[in-house]
Peer 1: 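Mind looking over this structure? Questions follow.
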Amino acid sequence: MRVSALFRQAGIIAGDGLGELFDVVTLLAHQRLPAGRRLAIVGNAGGPLILAADAAAAAGLELPELAEPTRRALTGLLPPGAAVANPVDTIASVSGDAFEQALRTVSADGGIDAVLAVIAPTPLTGRDDLTVAAAAVTAVSTTPLAAVVLGQAPRVRTLTAPAQPGEPAPGAVPAFAVPEDAGRALSLAAEHAQWLRRPRGSVPAFDDVTPAGARDIIEAALADRSEGCWLRPTVAADLLAAGGIPVARPEHAVSAQMAADIAGRIGGPVALKAANPDLVHKSDRGGVRLDLATPADAAQAYRSMWAALGEAMGGATVQPMIAPGVETLVGIVQDPAFGPLIGFGLGGVLTDLLADRSYRLLPLTDRDAAELIRSLRGSALLFGYRGSPPADVAALEDVLLRVAQLADDLPEITEMDVNPLIVHEHGAVAVDVKIRVARVPRTPDPILRRLR
Ligand SMILES: Nc1ncnc2c1ncn2[C@@H]1O[C@H](COP(=O)(O)OP(=O)(O)OP(=O)(O)O)[C@@H](O)[C@H]1O
Ligand SMILES: [Mg+2]
């Protein structure tokens, strides 16, 4: 799942197995990329045409109506009884010449991006009349053309017209044994063409991100922990803030009195959490207390957490309560093949249950960020789902781009997990921040970078 999303982002055509790889390579070696997904199918037998139409639709291709002049021309060309809708049924008595003319006519239809010839050998035409016709068309047409030749032994081969003396070699038509393979190959080619056409977007440079400040924080943490460590919650929040990301800043308390003092200073309802960075899923262990209205409540929460967790509590952090919104997860993970990735998902305490996450390569462009936000099954939650106000997607995008810049500037950040980042109608705030740092080679792998 993650790998296929990254392949798609990097423009890698990923076939499902070696057979599909050869299919798409054979197509791309001989035909141009289709400009879109609109396919016309022309064949000499009704049953295989229906199967081909189904296979094309299953592969995500469209079979639009042919233009009126195209249909009129086909009616003039083809034997009586032919169907000139899409798919075009030339019927079995079609001559090689008429089949060739029909393919040419359909290829010239401006509403079509690719043509598939479906050829069933019948006693009514010469053995190779129709395959020769298809090969002749590709020599003169720029519309991508593929064929399905029922009964052929190889999964895919090429149909070529003999070269004329003194002329350049004509193109070749990839011919598949079954329509499913043809449909998938055409669909992968169309997807790739779409990727090539897409606007790339740009990687914004934030002038208020202070890598120097962030670097000092990391150096201080690594000074005596060169093997790497999880940053303390207050330090992790400082690092995020140095990246210009809004954080509900936690302050560290080592006694109930201190917790009360901090709560008093914050002046509104606070959250008090166990500060030990090695304690995962704090809330499961009674390490998160929310909505503490007064300093006395904060002190009481500290005492009861200490009674439950003891030394494992590691003191507490006290931070302001943040208004409810859409809880998301933003993170950095290291992939052994791709290097640092930006992760985004639905967050909060149900994040592992929902497992609705998506990843992108660095550097992250504004388009990547916008797509990432829309790539979740649950993305609709951010856009005003069932009467809730739409969340501030621009603020979320800003956070993703800033996290990406931190990951890019500071390869020592080996892991980051902001969960939740609460996204409101206006703004987004990081509430729980975990960051792991370690010494790593400074320069990003140039081969990985070339993927972008
Ligand atoms: N300051 C806050 N304001 C509002 N809600 C909060 C705040 N802190 C925590 N919460 C709520 O409590 C939930 C759990 O808090 P938090 O993410 O800090 O701990 P955790 O996720 O249980 O711990 P871990 O990340 O170790 O698994 C959050 O998803 C959020 O709903
Ligand atoms: Mg959390």
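Numbering of ligands and ligand atoms starts at 1, following listing order. For reference, positions follow the sequence shown, starting with 1.
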Peer 1: Flag the pair H281 / D352 as yes when at least one side-chain heavy-atom distance between them is below 4.5 Å, and no otherwise.
Peer 2: yes
Peer 1: So which residues, sorted by chain and number, lie with a heavy atom under 4.0 Å of ligand 1?
Peer 2: A271, K273, L279, V280, H281, K282, S283, V288, L290, Q319, P320, M321, I322, E327, G348, V349, N419, P420, V431, D432, K434
Peer 1: Run through T142, T143, T138 and flag the one making a side-chain hydrogen bond (donor to acceptor under 3.5 Å, both in side chains) with Q31.
Peer 2: T138
Peer 1: Between D432 and K282, does a salt bridge (charged side-chain N to carboxylate O under 4.0 Å, His left out) hold up when you go through it step by step?
Peer 2: CA-CA 10 Å; D432 179 27; K282 297 179 288 290; 3.0 Å; yes
Peer 1: Do the side chains of E20 and L188 get nearer than 4.5 Å, heavy atoms only?
Peer 2: yes
Peer 1: For A14, enumerate each residue passing the side chain to side chain contact (heavy atoms under 4.5 Å, CB included) test, keeping only those at least two apart in sequence or located in another chain.
Peer 2: F7
Peer 1: Check whether any side-chain heavy atom of Q9 lies under 4.5 Å from a side-chain heavy atom of D368, and answer yes or no.
Peer 2: yes
Peer 1: Show me the donor-acceptor pairs, under 3.5 Å and distance only, between side chains in residues 49-67 and residues at least two apart or in other chains.
Peer 2:
none

Peer 1: For I322 and H424: C-alpha separation, side-chain torsions, deciding distance, then whether side-chain contact (heavy atoms from CB on, under 4.5 Å) applies.
Peer 2: CA-CA 10 Å; I322 299 300; H424 300 114; 3.4 Å; yes
Peer 1: Check for me: within less than 2.8 Å of the Mg ion (ligand 2), which protein N/O/S atoms show up?
Peer 2: N419 O, D432 OD2
Peer 1: Regarding R357 and T351, is there a side-chain donor-to-acceptor distance under 3.5 Å anywhere?
Peer 2: yes
